[in-house]
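Below is one structure; the comments refer to it alone.
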Amino acid sequence: MIPDIPTISANLSDPAPEFPWPNGASCAVFPAFDVDAETAWLQYDFKNVDRLVTMSFGAYEERVGIPKILDYLRTEEIKATFYIPGWVVDAHPKMCESIVKDGHEVGHHGYLHKRPDPADFAEDKEEIDKALDSLKRVLGVTPVGYRAPSGENYHELLGYLRDRGILYSSSFRDDIRPYRHKLRDGSRGPVELPVNVSFDDWLYGLSQRFSPRPMFPKEHVLSIWNGELEQTREWGGLVSMVMHPQVTGRPMRLGILRDFITRARSYGDVWIATGQEIAAHYIEQEKAAGL
């Protein structure tokens, strides 16, 4: 029997406006990291807490990944966005403080990296609030950006995030330019900085621990990333990246990011910015257009 599913679009938002980028830039690159640490493995099975080798994949972030990434960003004078689950803030305060100390944006990424689900709204609200508390208590940060753990969201949660002070989300995969969410009750939701799935490093450098899928070599990843950047620049879009320090913080993988950023800068008209900067620019343009 065919299920009776309402024939309405999943996303009710208006088409993304073609606002100009700052200073005549052709496109924007948004370097962003999901600092999942051990929660990337706890989300599959809480029993992993006592499986030390499995947990060591996530622990790499504090020991090596984040320090190496921060060193690189410091050398290149790049500010990035780091989406950090509240549990990671509580478990690795010094690592997270080092991110703040270097002047990077810290965004909300749930508490235990639980995947949001419409059936769990009460629990998801608790995840939001508990993470907000951790970010404020440990880091003194009140985030304005949110990236959904495991890349999922729904209307009620978008409304709750807005009401809790979140100005933008970077989770959806349905556009190449920022846009404003429209919720089912007709109200305005956060600004969306949509993700280009081609820039999720987990797809190339790590999957499940026992997955049979091979890792992708540097040449393949750079070919994809550079090709996407070239076309996105031609279309005047946004390259929103999803990088994980336990992937991109590995020696060869950090080299991929370095070469990609070098390519992006070589154009001379690519704006490299944090999520907060991109969302603020969008809101400014939105107000100027009377939207």
**Q.** Geometric class of the W225/F260 ring pair [parallel <30°, tilted 30-60°, perpendicular >60°]
**A.** perpendicular
Q.
Against the six-membered ring of Y60, is R250 placed for a cation-pi contact (under 6.0 Å from the centre, within 45° of the normal)?
A. yes
Q: Before giving the answer on salt bridge (Lys or Arg N to Asp or Glu O under 4.0 Å), spell out for E277 and K79 the whole-Å C-alpha distance, their side-chain angles and the decisive distance to 0.1 Å.
A: CA-CA 10 Å; E277 290 172 324; K79 298 302 181 188; over 6 Å; no
Q.
Both conditions, 6.0 Å and 45 degrees, for the charged tip of K125 above the ring of F121: are they met here?
A. yes
**Q.** Short side-chain donor-acceptor distance under 3.5 Å, Y160 and D129
**A.** yes
Q: Identify the heavy atoms of L70 and I99 that sit nearest to each other, and give their distance.
A: CD1-N, 4.1 Å
Q. Same cluster or not: are F199 and I256 linked, directly or through other Ile, Leu, Val, Met, Phe, Trp or Tyr residues, by side-chain heavy atoms under 4.5 angstrom apart?
A. yes
Q: Can you see which heavy atom on P20 is nearest to which on H281, and at what distance?
A: O-NE2, 2.7 Å
Q. In Å, rounded to the nearest 0.5 Å, how long is the span from OG1 of T81 to CD of Q276?
A. 8.0 Å
Q. Taking all atoms of both residues into account, what is the closest heavy-atom pair of A148 and H109, and its distance?
A. O-CE1, 3.8 Å
Q) Just by modelled atom types, is the R177 backbone N or O under 3.5 Å from a matching donor or acceptor in the D175 side chain? A) yes
Q. If every non-hydrogen atom of E286 is compared with every non-hydrogen atom of R180, which pair is closest and at what distance?
A. OE1-NH2, 2.7 Å
Q) Counting distance only, does the side-chain N/O of Y154 pair as donor-acceptor with the main-chain N or O of D117 below 3.5 Å? A) yes
Q) So does D124 pair up with K114, basic N to acidic O under 4.0 Å? A) yes
Q | Where W202 and A40 come nearest, the two heavy atoms and their spacing | A | CH2-CB, 4.0 Å
Q) Is there a donor-acceptor pair under 3.5 Å between the side chain of T232 and the backbone N or O of E228? A) yes
Q) Tell me, do V239 and V270 make a side-chain contact under 4.5 Å, heavy atoms counted? A) no
Q. Who pairs with R253 by salt bridge (Lys or Arg N to Asp or Glu O under 4.0 Å), at least two apart in sequence or on another chain?
A. none
Q: Side-chain contact test, heavy atoms from C-beta onward, threshold under 4.5 Å: evaluate it for Y146 versus R162 and give yes or no.
A: no
Q.
I'd like to know if D71 pairs up with R74 as an ion pair, taking the criterion as any Lys NZ or Arg NE/NH1/NH2 lying under 4.0 Å from an Asp or Glu carboxylate oxygen.
A. yes
(Q) Quick check against the 3.5 Å criterion: does H155 have a side-chain atom that pairs as donor or acceptor with the backbone of R184? (A) yes
**Q.** Exercise: identify the closest heavy-atom pair between S9 and L12
**A.** O-CD2, 3.5 Å
Q) Parallel, tilted or perpendicular for W271 and W21, by the 30°/60° rule? A) tilted
Q: Look at the aromatic rings of H92 and W87 and report parallel, tilted or perpendicular, splitting at 30° and 60°.
A: perpendicular
Q | Reference residue E192; test side chain to side chain donor-acceptor pair (under 3.5 Å); the match among S171, S170, S169 | A | S169
Q: Answer yes if V195 and L193 sit in the same cluster of Ile, Leu, Val, Met, Phe, Trp and Tyr residues linked by side chain heavy atoms under 4.5 Å apart, and no otherwise.
A: no
